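Computed from a prediction, not measured in an experiment: that's the story for all the values here. For the numbers below, each heavy atom of this structure counts, side chains included, while hydrogens, waters and symmetry mates do not.
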Amino acid sequence: MNRAADSRSGAGENDSPHDDALAPERLQELVRHVERQQARVAQAEFQGCPRRGQHEKPLLAAFGTLTISPSRPSETRFGAFAEAGRFKVAVRFSNGQPNTHPDTEPDVRGVALKFFTHAGEETDLLATNEGGRSHAPNVTQFVEFADALVEQALRGIGAFFAALSRLVWKRRLGFVAAAEMFGVLLVETIWRHPQSLIFERYWGSVTKLGPSTIKYSIQPHSSSSRGRGRRRKSKDYLRDDLIARLKDGPVRFDVCVQFFISEELTPVHDASIAWRAPLVCIGELELPSVPPREDESAIETFAFNPCNGFEALGITQARCAIYRASARERNAAQSDEIRRHWSE
């Protein structure tokens with residue numbers, strides 16, 4: 001059997017607490033740490049009003065259609081992707097920082113999807129264009145490094161390097177680890193200048209899908225090759241580009257998964273390494289037209305969480321608790337309130 005076929009089994013990979021952040025007491029410490037980071041940004045940027053811990057600036061929010069293909073491989077027919085068909089989906093594109101910097105600033109770009117299966121299970125897919133990897137291998141280093149990113153968001157690049165130096169000096173981060181994380185962000189944000197969000201590749205979490213370990217992603221659709229991105233570098237140029245394209249017609253993306261092969265090629269416990277496994281397309285995401293303001297306003301209240309609809313593995317386990325705490329802090333709309341938008 002070839003490697004591509006082998007990769008669809010994903011069998012035999014079970015999660016283990018390699019990261020001490022997965023211990024309950026340690027996880028609560030990290031949640032409180034993130035809450036303090038959020039409070040700092042809220043006080044400085046939003047008159048103390050709690051906001052999203054990350055991905056604060058929306059680029060576009062819209063309802064669309066998620067079509068799960070009936071011809072997808074049998075290995076994908078579990079959990080959130082068990083049923084073929086068309087599903088109403090809420091989609092939110094965003095910048096990665098916890099404030100509302102212009103689109104011209106170096107940043108990670110993200111997309112979040114929410115839909116309900118035919119059985120009524122709330123399911124979220126969260127992904128970023130960070131090259132199929134996180135800048136941090138585990139949640140402890142992610143949260144520690146975020147101290148420097150908060151300083152950058154509030155006071156600029158000089159404050160970032162000063163804060164990063166303090167983290168190394170206090171041994172909260174090793175020098176090599178800090179350098180490697182900065183290197184990933186240098187490549188994926190500072191040197192990266194997205195022409196249009198429709199050309200970006202968005203990589204999501206490592207989760208269980210039935211007996212398999214997978215990573216899901218949102219990839220450019222073949223129709224995305226038409227035209228070029230807007231070159232006017234206004235503070236909202238990424239949103240302006242999406243709006244202009246939606247005025248011309250629907251915008252589409254492929255929904256894909258990768259299957260676990262081995263900890264070397266597809267690591268569950270080191271989120272800083274991109275998976276080397278074939279992409280398997282299982283469906284299509286379509287945004288039909290420019291969304292009305294009321295739809296965007298509604299989706300902005302939604303709480304998204306990578307644990308909705310999936311069994312989290314690796315760093316994603318800790319992200320679930322952090323996302324829940326963040327949603328509570330800003331009083332985000334929860335499942336029962338959100339569901340009514342699917343019954344209208």
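Remark: Ile282 CD1 to Cys256 SG distance equals 8.0 Å, nearest 0.5 Å. To the nearest 0.5 angstrom, Leu154 atom CG is 10.0 Å from Gln152 atom CD. One finds the CG atom of Leu185 at 12.0 Å from the CH2 atom of Trp191 (value rounded to the nearest 0.5 Å).
Electrostatic pairing of Arg32 and Glu35 does not count as a salt bridge here, judged by no charged N lying under 4.0 Å from a carboxylate O. One finds no salt bridge joining Lys57 and Glu105 here, because no Lys/Arg side-chain nitrogen approaches an Asp/Glu carboxylate oxygen to under 4.0 Å. Arg330 has no carboxylate O lying under 4.0 Å from a charged side-chain N of Glu56, or vice versa, which leaves the two without a salt bridge. At a threshold of 4.0 Å, the pair Arg92-Glu296 does not count as salt-bridged, since none of the basic side-chain nitrogens sits closer than that to a carboxylate oxygen. A salt bridge links Arg40 and Glu151; the closest N-O separation between the charged side-chain nitrogens and carboxylate oxygens is under 4.0 Å. Electrostatic pairing of Arg201 and Asp254 does not count as a salt bridge here, judged by no charged N lying under 4.0 Å from a carboxylate O.
For the 3.5 Å distance criterion, the side chains of Asp270 and Ser272 qualify, holding a donor opposite an acceptor. Between Gln258 and Ser217, the side chains place no donor N or O within less than 3.5 Å of an acceptor N or O (distance only, hydrogens not considered). Judged purely by distance below 3.5 Å, without hydrogens or angles, the side chains of Asn95 and Asp103 pair a donor atom with an acceptor atom. Looking only at atom types and distance, the side chain of His221 has a donor-acceptor partner in the side chain of Glu284 under 3.5 Å away. Side-chain contact, Glu263 with His269: no donor N or O sits under 3.5 Å from an acceptor N or O. A donor atom on one side chain and an acceptor atom on the other are not found under 3.5 Å apart for Asp107 and Thr189. Between the side chains of Ser335 and Glu122, a donor-acceptor pair is found at a separation under 3.5 Å. A side-chain donor from one of Ser205 and Arg319 sits under 3.5 Å from a side-chain acceptor of the other. No side-chain N or O of Glu121 forms a donor-acceptor pair with one of Thr123 less than 3.5 Å apart.
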Check your understanding: Going through the checks in order, is the salt bridge (Lys or Arg N to Asp or Glu O under 4.0 Å) test met by Asp147 and Arg172?
Key -> CA-CA 11 Å; Asp147 280 351; Arg172 287 166 55 190; 2.3 Å; yes
Check your understanding: Should Ser69 and Ser71 be marked as a side chain to side chain donor-acceptor pair (under 3.5 Å) after you check the CA-CA gap, both sets of side-chain angles, and the distance that decides it?
Key -> CA-CA 5 Å; Ser69 173; Ser71 62; 2.8 Å; yes
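Formation of a donor-acceptor pair under 3.5 Å by the Trp275 side chain with backbone atoms of Phe260 is not found in this model.
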